[in-house]
Novice: 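One structure is given below, represented as structure tokens, and several questions about it will come after.
Quick note on labels: first sequence line is chain A, next is B, and so on, each numbered from 1.
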Amino acid sequence: MSRSSRAVSPDESPVNRDGDPLSSARPLVLEASDLVKRHRSSGFLRSRASSDTPAVDGVSLRLRQGETLGLVGESGCGKSSLARLLTAVDRPTSGHVEVLGRRLDQLDGRALRAARRNIQLVFQDPYTCLDPRMTVGAIVREPLLIHRDPAPRRDRRRRVAELLELVGLNPDHADRRPHEFSGGQRQRIGIARALALRPEVVVCDEPVSALDVSVQAQIVNLFTALQRELGIAYVFISHDLAVVEHMADRVAVMHHGRIVEQGTVDEIYDHARHPYTAELLSSSPAPLP
Amino acid sequence: MTTAPYARPQHSGPLHPGPLQDLPGYDPGAAPLEVGGLQVEFPATRSRPRADVVSGATFRVASGRTLAVVGESGSGKSLTARAVMGLLPHGARVTDGHARLCGVDLLGLPDRQARSLRGRHIAMVFQDALAALNPVVPVGHQIAEVYRVHGCTGRREAFDRAVAMLARVGIPEPAVRAGHYPHQFSGGMRQRVMIAMALALTPRVLIADEPTTALDVTVQAQILGLLKSLKDQHGLSLVLISHDLSVVAGTADRVAVMYGGRVVEEAAADDLYARPAHPYTRALLDAVPRRGHRGRPLAALPGAPPDPARPPGGCPFRPRCSLAQADCAVPPPLETVGPGHLSACHRSQEVSAR
């Protein structure tokens, strides 16, 4: 086997290209280096193998202000584990996460809570991620109760109404509960909540996968409009290559806990270098005529 | 939707399948599956009004062909399939219409006869293979049970045939894998087991309800390829139910689009994608992100699909349709608008001309 063909085997170092479509003058808002997460299995049914394979295995990525990084890969490849590390829900086994220059992985307690403000998470399933007993207004208000400074008490009601309007919901519906809303509307509620603290980065974990095609387009448009308006940076996780292509500036392909290839949309979709990327692209349904 | 049934069927002894041709209405020239005017309702209960979940589904599958039934959640596509199979969830009932298997109306048959056809001449694959398989019985025995229940073979031979079936759907080391339990298989392999079980008695018609929705794209491509090759080998007629027009694009010969419990458009796949004649189909195609549209907003449909308990009256798509006018208050019938092209819209000419 020649040396050049070995260079693209999955065990080798990732294909990393210097594709940065946005000017590097934009400030870096999120930087992760060499993130590793091992889930420790414990108890009676503990298996040896599971502690040996890290869910996230040396992931590095950077995100600039107002940019969208698409993260694609199959189930079990570590996409969601990575999302939890980036948003400091989980602590990495090693490596570090920096948001606006602050290291999330070293912070604790009050300082961690304050730093998390700048990076928020939107979940996949709009049916299970909202507390059914809370009103929509209370769900969107909750982040403002935890972080007191962005909105003083007297402004909160107005801010909640603003947020609901921003995501295309009727502010008069703030006293309704989640079950009265459709899947697409619930996803809007989740987005309003994520935006309550004006974060710089929003990590979206399969945010449109559970939605019907016609509603999916509404939510994709909402994400794009919000980015233009508020200058948010997205880490957009999805298994749907067509949606990622539509949304993302850069794409990272994840496989077995590693990023095997990273580059601009055109580099990845037209000139995939890693065999896994090529396989992924060839299996996804052909674009409609 | 309720969970798929993996409970042992309530049967008294093996079902000896009478040949299909002995049943009333059998016609060798008829389409393998023809559904007409099918209506399914959930009757009113104390907490819930009556809901017409399927209101007049009509389609047919030609011999050896694939028909895709496409629709969003709540469009009634799965309940149509379950009504055909006689597997409606508790509470739902068929109020009108027919489902003819080679001319034999499945909905009019006594239970026992219908059951002897099910699995033998028409079979179904479910979306969630883990829920549809019995978790405490090795898969080989579950497939062998199909042969046993239909009284075809003895115990030993049934198991051997099950192993042969596993080999045919591309499961490596079938003799070993036949002794494994469903949880020991990956999602894609589990779906293969389901397909093996459904095809055990080489039925005429296979209904696959979202067979690849829970699977990764690479596995999805494999399963669709498998269904296609099995269909060609056995001359099966395949009904492929999906919510995703792009998934069925490479697999289906014809596509029926369902909305609000009825079929709103049916056409040959190429024709439907190139010249949709219903505004809903047009909107669905426009809403799919495609190459070269980056940065531009997607053509999103406003609103949400109708609630079956509160149908809008008239054309179900009326509230979301940009072409809606006063006459849409009268539900448009499914009519021929071109060669082999049916559409239920008063303004189908306008839509296809665009």
Side-chain angles (χ1 to χ4, degrees), chain A residues 21 68 70 72-77 79 127 168 181-186 208-225 227-228 238-249 255 264-266 269-270 276-289, chain B residues 70-75 186-188 212-225 242-251 259 269-276 280 283-307 317 320:
Chain A
T68 303
V72 298
E74 308 204 316
S75 51
C77 75
K79 297 186 302 249
Y127 293 90
F181 293 88
S182 69
Q185 288 173 319
R186 287 184 216 201
V208 295
S209 311
L211 305 176
D212 278 318
V213 186
S214 68
V215 179
Q216 177 178 314
Q218 294 171 6
I219 301 296
V220 166
N221 285 347
L222 175 64
F223 274 119
T224 327
Q227 183 167 53
R228 207 171 30 228
S238 180
H239 67 274
D240 185 336
L241 293 167
V243 170
V244 168
E245 187 189 8
H246 183 85
M247 291 279 301
D249 301 300
H255 187 47
T264 65
V265 171
D266 292 336
Y269 283 75
D270 292 335
Y276 178 70
T277 313
E279 191 195 343
L280 210 57
L281 286 169
S282 70
S283 343
S284 78
L288 292 168
Chain B
V70 178
E72 296 182 289
S73 50
S75 64
S186 66
T212 62
T213 304
L215 305 176
D216 286 321
V217 281
T218 47
V219 184
Q220 167 170 287
Q222 292 163 13
I223 295 291
L224 289 174
S242 177
H243 68 280
D244 191 340
L245 273 169
S246 52
V247 165
V248 302
T251 316
Y259 189 79
D270 303 343
D271 199 19
L272 185 106
Y273 290 114
R275 281 173 300 280
Y280 175 63
L284 271 189
L285 289 169
D286 286 347
V288 176
R290 35 185 104 200
R291 294 237 56 177
H293 279 233
R294 264 178 53 72
R296 276 184 265 169
L298 295 171
L301 257 178
D307 178 351
F317 190 55
R320 303 173 81 185

Novice: Identify which of A:Ser182, A:Ser75, A:Ala242 forms the greatest number of heavy-atom pairs closer than 4.5 Å to chain B.
Specialist: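 Highest number of heavy-atom pairs under 4.5 Å: A:Ser75.
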
Novice: Give, as side chain, backbone, both or neither, the part of A:Val220 having an atom under 4.5 angstrom from any heavy atom of chain B.
Specialist: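 For A:Val220, side-chain heavy atoms alone lie under 4.5 Å from chain B.
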
Novice: Any idea how A:Tyr276 and A:His255 line up, ring-wise: parallel (<30°), tilted (30 to 60°), or perpendicular (>60°)?
Specialist: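 Ring orientation, 0 to 90° scale: parallel.
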
Novice: Do side-chain atoms of A:Gln218 reach the backbone of A:Gly184 as a donor and acceptor pair under 3.5 angstrom?
Specialist: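 Looks like no, no N/O pair under 3.5 Å.
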
Novice: Is chain B contacted by the side chain of A:Ala225, its backbone, both, or neither, given a heavy-atom distance below 4.5 Å?
Specialist: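 When you check distances to chain B, no heavy atom of A:Ala225 falls under 4.5 Å.
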
Novice: Taking only residues two or more places apart in sequence, or in another chain, which ones meet A:Asp240 in a salt bridge (Lys or Arg N to Asp or Glu O under 4.0 Å)?
Specialist: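 Not a single residue meets the salt bridge (Lys or Arg N to Asp or Glu O under 4.0 Å) criterion with A:Asp240.
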
Novice: Does any N or O in the side chain of B:Tyr280 come within less than 3.5 Å of the main-chain N or O of B:Arg320, such that one atom is a donor and the other an acceptor?
Specialist: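 Looks like no, no N/O pair under 3.5 Å.
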
Novice: Under 4.5 Å heavy-atom distance to chain A, tell me which part of B:Gln220 shows up: side chain, backbone, both or neither.
Specialist: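 Looking at B:Gln220, just its side chain touches chain A.
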
